[in-house]
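Computed from a prediction, not measured in an experiment: that's the story for all the values here. Heavy-atom basis, side chains included; hydrogens, waters and symmetry copies ignored. Naming: A, B, ... by sequence-line order, numbering from 1 per chain.
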Amino acid sequence: MPLGHWFASKRNNKASLNPESVNQKLTDGDFERLWIQCYNCSERFPKKDIQENRMVCSACGYHFRINSWERIHQITDSFEELNASLRPKDPLNFTDTAPYAERIEKTEAKTNLKEAVITGIGKISDTKFALAVMDFSYMGGSMGSVVGEKITRLIETALEENLSLIIFSSSGGARMQEGTYSLMQMVKTGAALAKLHEAGLLYISVLTEPTFGGVTASYGTLGDIIIAEEGARIGFAGRRVIEQTIRQKLPADFQTANYLLKYGQVDMVVQRQQLKESLYRLIQLHQKSLTLAGPVSSRQL
Amino acid sequence: MPLGHWFASKRNNKASLNPESVNQKLTDGDFERLWIQCYNCSERFPKKDIQENRMVCSACGYHFRINSWERIHQITDSFEELNASLRPKDPLNFTDTAPYAERIEKTEAKTNLKEAVITGIGKISDTKFALAVMDFSYMGGSMGSVVGEKITRLIETALEENLSLIIFSSSGGARMQEGTYSLMQMVKTGAALAKLHEAGLLYISVLTEPTFGGVTASYGTLGDIIIAEEGARIGFAGRRVIEQTIRQKLPADFQTANYLLKYGQVDMVVQRQQLKESLYRLIQLHQKSLTLAGPVSSRQL
Amino acid sequence: MTQPLFEPFDFEKPIYTIQEKIEELMRISEETGVDFQSEIDKLSARAEAFRMNVYKNLQPKEKVQIARHPQRPSAIEVIRQLSPQTWFELHGDRAGQDDQAVVGGIIEFLDRPVMVVGTQKGRGMKENLVHNFGMPNPEGYRKAMRLFSHANKFGMPIVTLIDTPGAYPGIAAEQHGIGIAIAHNIREMARLRVPIVSIVLGEGCSGGALGIGVANEIYMLEHALYTVISPEGCASILWRSPEYAAQAAESLKITAQDLFAFEMIEGIIPEPLGGAHYDPQMTIESVRSSLLSSLTTLTQLSPEELVEQRYQKFRKIGAFEESVLTR
Amino acid sequence: MTQPLFEPFDFEKPIYTIQEKIEELMRISEETGVDFQSEIDKLSARAEAFRMNVYKNLQPKEKVQIARHPQRPSAIEVIRQLSPQTWFELHGDRAGQDDQAVVGGIIEFLDRPVMVVGTQKGRGMKENLVHNFGMPNPEGYRKAMRLFSHANKFGMPIVTLIDTPGAYPGIAAEQHGIGIAIAHNIREMARLRVPIVSIVLGEGCSGGALGIGVANEIYMLEHALYTVISPEGCASILWRSPEYAAQAAESLKITAQDLFAFEMIEGIIPEPLGGAHYDPQMTIESVRSSLLSSLTTLTQLSPEELVEQRYQKFRKIGAFEESVLTR
Ligand SMILES: [Zn+2]
Ligand SMILES: [Zn+2]
């Protein structure tokens, strides 16, 4: 990871920890800057300790939400970003309570991100892989044209360079402000994944807190292996929409990682501490297998 | 159909109608020979009328169970039998309350059938197709080595001659007296159907009263199109076994044709009166499509 | 046209009011013997011009109403009229359900068998409960995929008829993987080696529409809509109240005309004045002619060309800026 | 061996009784100072011979008891011992269930990744409820098939571990197409282009076993069984009472030795005297060596050869007469 990015990551930590990490009652700036209170167990820790613990509460195991650069830092030894200059346009000239164009500028300023996904080539030890990491702090990780284009280009790169693909999803769904442009990104990415599938390359999808809507209904669930990070909430429709539709209370664990495991929708739930190792081993095993097994066309069903 | 078979079919009608068609209280031989009472609505009819109505009650629509030759007569314009000489052996030297070998002889004498399935090439108008029709009157339509072998050879014939395949199932399941020989027929037929599937040929499975066990779990449910005949009961486990396992009463319509339709397991429920026409049209449509569409390999996914 | 055929929409009411007045005049003319004919003719002409004007300048929110009209031709009606002789309906996902929000089967069209799959709304509460208001569960998408695979195996072109408020937001739908089902259909439809044409009949809403919508060519009825989210849903989230639905409908650019301008669809199928429900039969005949020309072209492509054309159609969709310096 | 390790089966009781008597003699000898050593040695030798005789001449009904022993090594135990370092368990059918009667995932074996899928019984009521006594529902077969497809895509050999009283006979199982699920697995396993080896660990019962059993090579543990129907089920139907289960077990020819004689399996994996539960670890080491040699051979075949070899293995099974005159 370029040093600049790493610093950006550090800068963004605070933003990304909102609103869960910061105790609203405390006004002491020192505390906010140096300490962190667990959203789940209310224990307080020096922020540095939690950061060293991969943003996992060492008391209760609660996984704090992390931003994309922090994630990249946690799961790669090095990372080379691709298509970093892609920025959103405003094809519908969309305005709700504020113009979309304005929201874009504000978000960029606030998050220091150009869009809701970072893509590139990651490395663990000597193993290269194509990596996309979504960032919920950029407009709720919504998928618009840029997300779709960057994911699609990444898949194309994986195809060209014969790489395994990992996508970390975190998204509220399609970006409404881009209308059908955002909707069609589901097809664009899904069709690119069809090519990856036919080429027999590995795709591991990692679903992190939270993943919903159009991402769940496209590349989020098209992994050969689907991993849910511990504590993540994952679904298609949001909890509120479902409650309004069925006029019924939902179970407390509805749409949690373990709920999805129980209902057969993810292969495994993995703690953040184990993620890097798991991904590394899975890529290695599959690459070894592909090397030994000969051309994918010979196994076409 | 050769004339001899047609006569055999006529001879067998009586046997095949047992026990449902014959009113137990009446001892008058004339009645039994010439009249028939509906098992469902108790209406009585001249047997000839019901036979002309394809063995369907003209009062309530109840479908009488029919034997294989009657079925072949109903749904083909002509039929050429294949592998007619295959007869069962007794590989386990099996004896329960009577030796299997003895049962074979008695069944053959009673039914005038050599096994529980008849296979061959049927024709409707100018359209040829591979046809297998199981016969429940032969040891409850159980699937042993001969059934497996005849079905497999028929599939191989369909492959060689580029024909659509239709199998009428009616079976209590695998033939226990042949032990694992009968069990492995599920694989033998299923693997042959894998070849048919890859060749892109049409297979229509017609499930008739009753179809259970090993047939349901192999070729019975592997049709590109699955038709259940009106009134047929179809399942894997028998009603009694399920009731004993779950200690619960089952719904009245459990495992009926319409129940299966509701639970998404068959494409359509067809009245016997419409079967020939439906099969003919389906074969024609698919053949036309295959002719227009070019080689199956070009569409391999 | 004394009695409106349907309960008129608010924006249609002036048309009916003017019509009533004209008829009143005609009645008076008859009763009194005074000849108002030339006045009536002029009034009628102006009324007709007004009517044309209303219908040719429909606002998005009005189009939404038309697109949801209960008498709009449904998938089953389209199927029946396109192929009155042949309609082998195929049922079920082979795994536990026959989701009636999705209907499908084999018809004859262009003198060859064609697989049709559509989302189906009902008319009236009873039918709507059967068809779940056209909102498929995962099993509906799996049923659709089974039929698509069948079509691919036997080389049948596929026509999908889209009319859905979206996939069903329910507990079982989430448990059974509604997201996975849609995603899987998107990926697998992209791979199908037969022609696929989609027609948006009414509402084409969100991933629920895409689950049967990955086509070589997409056509929309004149007043149909295609949207990433229902205007009400969008308003609830962005304006924090569903009352802003009209604004959302406007902002989201969801009309056939918008989609055509974005080059996301291949054509617009004309509807009779006032909307398809004024003449469903004529509307379906227009569907027929669009399908005829589309399938005639597409069936001439090879499987490879079909897959590539479909890929490129969606690959190019996107609006973004890129500085040339990087990468 | 004063205390039996397990509650002995009826047919084992004489072994333990003799053993007790010998130990009594030894105690008396110690207490009284009288030297019975040579008598004890002779008795011990004869007891050992008796024991050997019992275990080497087990009746089918006794093998059924051993095959169902709760301490018999289960699929998960085999997986853990075969690949102590690597075991990526994969869950779910991606459509609503993670049937725990079927377990599976990626291990390392022969220095390469291998996909293992097995039916899993539990030990004790709590575990048995989790694993449904090793009786898969349709969702279990679909989970298995998903893992098989994964293996095929990435060229991983497949090992299946069979230990099931059969597919679950329940209402939901029928509703969700248990027959279809098994049939589909049979057909699709026949098409897989990677090596498949099946090991029958305990009970291999009916279609429930075949759903993960279409292999290039099948091995059975020495006292495992493979049968078209449980002996009790067979007795209930043919003898009209489950009390004839012993006779059914005999008549059905369900032992590893029978299946080997029929040339339906490739080999028998030896168990320790008395059965696998006397030494699960040693048993699993025997499984390892069978797998080693089987996979070493099979991984040298091309995908085409694998499919053809698997086809022919099952194609030839059948016992029938055929007069040469007709076709
Ligand atoms: Zn905590
Ligand atoms: Zn009747």
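When each of R240(C), M189(C), R191(C) is checked for heavy-atom pairs under 4.5 Å with chain A, R191(C) comes out on top. Contacts with chain C were tallied for Q177(A), K195(A), K262(A); K195(A) has the most, counting heavy-atom pairs under 4.5 Å. Per-residue heavy-atom pair counts under 4.5 Å with chain C were compared for A192(A), G144(A), G173(A), G238(A), and the maximum is reached by A192(A). Of the listed residues S182(A), S145(A), G235(A), P88(A), the one with more heavy-atom pairs under 4.5 angstrom with chain C than any other is S145(A). If you tally non-hydrogen atom pairs under 4.5 Å between each of I186(C), L238(C), I254(C), L252(C) and chain A, the highest count goes to L238(C). Taking chain C as the reference chain and counting heavy-atom pairs below 4.5 Å, the highest number among G190(A), A194(A), A98(A), A174(A) is found for A194(A). Of the listed residues (V146(A), T152(A), D90(A)), the one with the most heavy-atom contacts under 4.5 Å to chain C is T152(A). Residue with the most contacts toward chain A among S206(C), G204(C), A173(C), G207(C): S206(C) (heavy-atom pairs, distance under 4.5 Å). Residue with the most contacts toward chain C among E156(A), E243(A), Q244(A): E156(A) (heavy-atom pairs, distance under 4.5 Å).
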_Does R153(A) form a side-chain hydrogen bond (donor to acceptor under 3.5 Å, both in side chains) with N83(A)? I'd like the steps, not just the answer._
CA-CA 8 Å; R153(A) 287 193 191 174; N83(A) 300 304; 2.9 Å; yes
*List the steps and the verdict of side-chain hydrogen bond (donor to acceptor under 3.5 Å, both in side chains) for K63(C) and H223(C).*
CA-CA 5 Å; K63(C) 282 184 170 258; H223(C) 303 309; 3.1 Å; yes
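Contact annotation for L259(C): only side-chain heavy atoms (C-beta onward) come within less than 4.5 Å of a heavy atom of chain A. The parts of S251(C) that come within reach of chain A are both its backbone and its side chain, each placing non-hydrogen atoms under 4.5 angstrom from that chain. The contact between Q175(C) and chain A is made by backbone and side chain atoms together, counting heavy-atom distances below 4.5 Å. Heavy atoms of L210(C) lying under 4.5 Å from chain A belong exclusively to its side chain. For I317(C), the parts sitting under 4.5 Å from any heavy atom of chain A are the backbone and the side chain alike. Both the backbone and the side chain of Q265(A) come within less than 4.5 Å of a heavy atom of chain C. Only the side chain of Y168(C) has a heavy atom closer than 4.5 Å to any heavy atom of chain A. With a threshold of 4.5 angstrom between heavy atoms, T180(A) approaches chain C through its backbone and through its side chain. In this structure, chain C has a heavy atom under 4.5 Å from the side chain of Q255(A), while its backbone stays farther away. Both the backbone and the side chain of I171(C) come within contact range of chain A, each with at least one heavy atom under 4.5 Å from a heavy atom of that chain. With a threshold of 4.5 angstrom between heavy atoms, Y219(A) does not approach chain C through any atom at all. For Y100(A), no part sits under 4.5 Å from any heavy atom of chain C, backbone or side chain.
Atom OH of Y311(C) is surrounded by more than 12 heavy atoms from other residues, nucleotides or ligands within 6.0 Å. Counted within 6.0 Å of CD on E321(C), heavy atoms from surrounding residues, nucleotides or ligands total more than 12; the atom is thus considered enclosed. Residue-environment remark: NZ (K106(A)) stays at or below the threshold of 12 foreign heavy atoms within 6.0 Å. The local environment of CD in E263(C) is sparse, with at most 12 non-hydrogen atoms from other residues, nucleotides or ligands closer than 6.0 Å.
When only modelled atom types and interatomic distance are considered, E229(A) and T208(A) share no side-chain donor-acceptor pair under 3.5 Å. K143(C) and Q100(C) share no side-chain donor-acceptor pair at under 3.5 Å.
Within the 4.5 Å cutoff, side-chain heavy atoms of F314(C) are placed close to those of V214(C).
Using the six-membered ring where Trp is involved, F79(A) and W69(A) have ring planes that are perpendicular, over 60° apart on the 30 and 60° scheme.
A donor-acceptor pair under 3.5 Å links the side-chain atoms of D135(A) to the main chain of S137(A), judged by distance alone. A donor-acceptor contact shorter than 3.5 Å is absent between the side chain of S205(A) and the backbone of T221(A).
Taking the six-membered ring where the residue is Trp, the centroids of F262(C) and Y181(A) are separated by under 6.0 Å.
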